[in-house]
Protein chains: 2
Amino acid sequence: MEQTIPYKIYLEEQEMPKQWYNVRADMKKKPAPILNPQTLKPVTVDELSAIFCTELAKQELDDTTPYFDIPQEIRDFYKMYRPSPLVRAYCLEKKLGTPAHIYYKFEGNNTSGSHKLNSAIAQAYYAKQQGLKGVTTETGAGQWGTALSMACSYFDLDCQVYMVKCSYEQKPFRREVMRTYGASVTPSPSMKTNVGRKINEEFPGTTGSLGCAISEAVEAATSQEGYRYVLGSVLTQVLLHQSIIGLETKAALDKYGVKADMIIGCAGGGSNLGGLISPFAGQMLRGEADYKLIAVEPASCPSLTRGKYAYDFCDTGKVCPLAKMYTLGSGFIPSANHAGGLRYHGMSSVVSELYDQGLIEARSVEQTEVFKAAEQFARIEGILPAPESSHAIKVAIDEALKCKETGEEKNIVFGLTGTGYFDMFAYQRYNDHEMSDYIPTDEELQKSLSTLPVVE
Amino acid sequence: MEQTIPYKIYLEEQEMPKQWYNVRADMKKKPAPILNPQTLKPVTVDELSAIFCTELAKQELDDTTPYFDIPQEIRDFYKMYRPSPLVRAYCLEKKLGTPAHIYYKFEGNNTSGSHKLNSAIAQAYYAKQQGLKGVTTETGAGQWGTALSMACSYFDLDCQVYMVKCSYEQKPFRREVMRTYGASVTPSPSMKTNVGRKINEEFPGTTGSLGCAISEAVEAATSQEGYRYVLGSVLTQVLLHQSIIGLETKAALDKYGVKADMIIGCAGGGSNLGGLISPFAGQMLRGEADYKLIAVEPASCPSLTRGKYAYDFCDTGKVCPLAKMYTLGSGFIPSANHAGGLRYHGMSSVVSELYDQGLIEARSVEQTEVFKAAEQFARIEGILPAPESSHAIKVAIDEALKCKETGEEKNIVFGLTGTGYFDMFAYQRYNDHEMSDYIPTDEELQKSLSTLPVVE
């Protein structure tokens, strides 16, 4: 076993990135602008600032500034759980018998259990700077809500989370973590907002949906003095903050003189993948290096591999700006048997454009093989991965086995976005052999894509 | 804010301890020997080897060898999740406004969520070396069972866990983590063992107890060819393995020239506390340095502060050897409203003897103030602590606030043994203001102490 590269590479504090990287600045063809849903014209910072914090609205629309300084307060918070380790998967390599070298960037070692905290703390910081009282958001399973509640607690901001009612009732653990961090967690649809009351009236006993929770959170933000709405994925501001993942990964690899051959990330809304690959894609865009960048998505929600590159609504409630992205249609809902997260109908416009330009390739994988890879990884590397992260594990293992066949000593890097401690019901279905796969039919996709808005 | 000491001190791989430290070797007055429950004479390695792995039986009884080499295979496994960080709690210091410097050794960054893995992997290793097929154990909430299932999975050993039935039903998450690691988890009392069948017959519908689960695990170990029984706390072999915590802590402090003034750990069976303080207590025993060592226990299960130093049964089933220890009597059961772990009736014989010699002081704290400290810590330091660990947090904060009054710049070190992700029902009770305190009356303690065995 090689000993020159440690099992875990931790950067020193002084080696940590001091700036986020905005990959759009290096793209010759930029992602298409996001549009005001009323006027269908590109939104302005002013328009966005009604919903989002002003500084974040600026970041959202800035596609020319390559680097943004990370404010000292955010860097101090990062120091509590970053740098995250870049782990050399010696045990996995040995078990697979592959000549490949496998590395993973592990973002799960914080209480939110995922990379979401990287952007939550940034968004909370700018809200605080703007003198706001608090922020509102929605959460499904609760990963983003947990991260945001931690960030708001640190900056003493009020945090109002609308949690899809069925998750609120069936996933009490994440709800209690949020409450422990001082957030108010409201099951959605609630009786606190107009839209919530209306939905409760129309559909008595409904257990809610993410689309409804977004609508409630946006209404709560715009109807309360001193509040703004925040979002944990898809947005380009989120990709900017998440570039910390890729920057640290690159710094750690450079420190040991390792040149990655391929970089693999799971892709739902695209925030983790975009953050991980940004600095590498930047090198490719500047003609400095070449990498194989792989986005892995579930076969049951295949926006990149089977979606259409078109303008679509970002939310099912259709209140947010329209974005050009690979999408399955904002009405698309993954099959009920889909357990592995990554259920967003579209994809970050930056990731979509990079994919369209051929810098990224995409693969879709089925969930039972994802959980099989998760189990294998847990047993060998000792970390219980989130189902989302396990999509990347599956493809990393596939690639390592290809190297075994060819004898190539490739450097495979993948993003391990989080832990699966709050996903044990899904693991239970896998353990009990009650998990099955579902791939949407062409007819189903055609139907959901028929709802795309017409944008001239 | 000082920047010379980083937020997190990680040792380099080559700085990690290569040996465990056996504090008994430096004790002039040794802990009293453990006794065969039938003969009431000191047990021999041969006798112990019927239940435990031979190498572990030797470690259990060796009170003269100061250092044991950590086998390379265990050191390789340690590298996957160790060194654990020694964290400088800058944010907590700032919030408290204390001149004290607070450090905590965080053992929660692994899938088992606690320090238990340090000994689980050692016990699994020696079982494998001995050519065993597998091991059996019991688990209550599931922390130890999880650690052991991870360790057994790594060495491809069968792992049979008897889980108290009410936990098996009410805490499905940990059960599923164990199953994901390939362990078989049996609700206890079961119909698999004689003792289980007998109890089920006598008490139909019983939800089980730890005592019953131990009895089933021991029967399963001794009735199957190639199996032994393993235990996660109390034993001196476990303290030996857990000395890795203290050795790393000391190495990290030494690296930055920091001299600890006090070292604080929570105490249930004593494995974490004993491991953390061992190298420091060793210095005290050799007259090289002086520290204030503080054991923190729940007021509802106060073995050190209100127990008796006497021989007692280690298990309620009375099948294991007798140990001289601070005990509340093997029949003692903490009040049903006690949520915070640390519910063992006795205390490691090593910790007990060090306490009796005056090297350790003990404090008891009530659970609502423990959860208050936990919440405060979570919000400021970003880590959701296990209720057990939070006992140490509470006293560390108390001590830091004393320094604020006196203006002393003391170095306070405490052990943060684990995370609270699987303890959210207890947090929920705290969040809902449904938590209360209970301190056993003198009469209750007298009653449970009246069951102590008579040892001449």
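Computed from a predicted model, the values in this text were never measured in an experiment. Residue numbering restarts at 1 for every chain, and letters A, B, ... go by the order of the sequence lines.
Nearest heavy atom pair, residue B:Arg179 against residue A:Arg379, reads O-NH2, 3.8 Å. Shown here for B:Ala378 and A:Tyr181, the closest heavy-atom pair between the two residues is O-CE2, 2.8 Å. The shortest heavy-atom contact between A:Met150 and B:Gly382 is CE-O, 3.1 Å. Across all their heavy atoms, A:Glu381 and B:Met80 have their closest contact at O-SD, 3.6 Å.
Note: B:Asn109 leads B:Asn109, B:Val87, B:Thr419 in heavy-atom pairs under 4.5 Å with chain A. When each of B:Pro172, B:Ser112, B:Gly182 is checked for heavy-atom pairs under 4.5 Å with chain A, B:Gly182 comes out on top. Ranked by heavy-atom pairs under 4.5 Å with chain B, the list A:Phe371, A:Tyr10, A:Tyr427 is led by A:Tyr10.
Between B:Gln428 and A:Arg175, some side-chain heavy-atom pair lies under the 4.5 Å cut-off. Side chains of B:Thr180 and A:Asn431 form a contact here, defined as non-hydrogen atoms less than 4.5 Å apart. Residues B:Tyr7 and A:Asp76 meet the side-chain proximity criterion, which asks for heavy atoms closer than 4.5 Å. Between B:Tyr421 and A:Val177, the closest side-chain pair of non-hydrogen atoms is not below 4.5 Å. A 4.5 Å side-chain heavy-atom check between B:Phe173 and A:Phe173 finds at least one atom pair inside the cut-off. B:Cys91 is listed as a side-chain neighbour of A:Tyr154, based on a closest heavy-atom distance under 4.5 Å.
Of the two parts of B:Asn110, only the backbone, made up of N, CA, C and O, holds a non-hydrogen atom closer than 4.5 Å to a non-hydrogen atom of chain A. Residue A:Asp423: no heavy atom, backbone or side chain, is found under 4.5 Å from chain B. A:Phe422 touches chain B through backbone and side chain together, each having a heavy atom under 4.5 Å away. Interface residue A:Ile380: only backbone heavy atoms are found under 4.5 Å from chain B. Contacts of B:Leu384 with chain A are made by both backbone and side-chain atoms, with heavy-atom separations under 4.5 Å. For chain B, no part of A:Arg429 is nearby; none of its heavy atoms comes within less than 4.5 Å.
Side-chain atoms of B:Lys8 do not come within 3.5 Å of backbone N or O of A:Glu13 as any donor-acceptor pair.
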